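Below is one structure, written out as structure tokens; comments come after it.
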Amino acid sequence: MADTNEVIDGGLEILKYPNPVLKKKSEEVTVFDEDLAKFVQDLYAAMRAHDGVGLAAPQVGVLKKIAVVEYNGSSYVLINPRVIDQKGIQDGEEGCLSFPGIYAHVTRPEWVKIAAQDEKGEVHEYEASGYTARAFLHEMDHLTGKVFIDYLSSLKRNAIKKKVAKNTGGHF
Ligand code: NI
């Protein structure tokens with residue numbers, strides 16, 4: 001146990017599936033203030049503390065359209081993000097901080113162009129391919145109440161649900 005009270009995870013608890021909050025739709029962000037900037041920093045801290053490449057606000061119980069992605073040395077604040085364009089198909093393994101130890105193959109577009117606001121409200125456009133595109137789309141799904149196992153066949157999805165229940169000792 002650490003002998004200091006230093007908060008390295010932003011003080012945020014990451015909700016695990018099947019927490020019902022993960023299935024809810026988030027609201028648009030309309031106020032760009034210091035509280036928002038602080039929350040974005042806390043999200044980054046929580047994501048890094050859990051070795052994630054992305055984290056969305058609903059995963060910490062906040063139903064607002066806010067997510068962060070950090071991969072290959074690049075960091076992105078995605079507030080009110082939307083897809084402008086997408087191309088191609090990629091098939092790859094995906095995980096989620098709300099599903100510890102669970103990985104599954106998910107098919108997604110190979111390339112995306114998105115628009116998102118930063119914590120100051122400025123709009124940015126980002127083009128990404130491969131794993132970064134996958135991370136953008138995965139986090140944006142969280143903002144509409146969608147999780148990655150929703151893309152799987154019901155057979156695979158049920159197998160994961162059973163595994164989660166076994167891990168947590170919980171019921172559905
Ligand atoms: Ni996730």
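Because only heavy atoms are used, hydrogens play no part in the values below, and waters and symmetry mates are left out as well, while side chains stay in. Computed from a prediction, not measured in an experiment: that's the story for all the values here. For ligands, and for the atoms within them, numbers begin at 1 and follow the listed sequence.
Applying the ring-ring contact (aromatic ring centres under 6.0 Å, His included) test to residues at least two apart or on different chains, the pairs with a partner in residues 37-74 are Tyr71-Tyr131. Counting only residues at least two apart or in different chains, ring-ring contact (aromatic ring centres under 6.0 Å, His included) contacts with residues 73-103 comprise Tyr17-Phe99, Tyr76-Tyr126, Tyr76-Phe136, Phe99-Phe148.
By the criterion of a separation under 2.8 Å, the protein N/O/S atoms near the Ni ion (ligand 1) amount to Cys96 SG, His138 NE2, His142 NE2.
Side-chain contact between Leu143 and Pro58 is present, with heavy atoms from C-beta onward closer than 4.5 Å.
Every side-chain contact (heavy atoms from CB on, under 4.5 Å) that Ala115 has, sequence neighbours left out, goes to Arg82, Ile84, Val123, Glu125.
With salt bridges taken as basic N to acidic carboxylate O contacts below 4.0 Å, none links Lys64 and Glu27.
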Legend entry - Derivation of the salt bridge (charged side-chain N to carboxylate O under 4.0 Å, His left out) call for Glu94 and Arg134: CA-CA 8 Å; Glu94 205 162 298; Arg134 175 176 295 281; 2.5 Å; yes
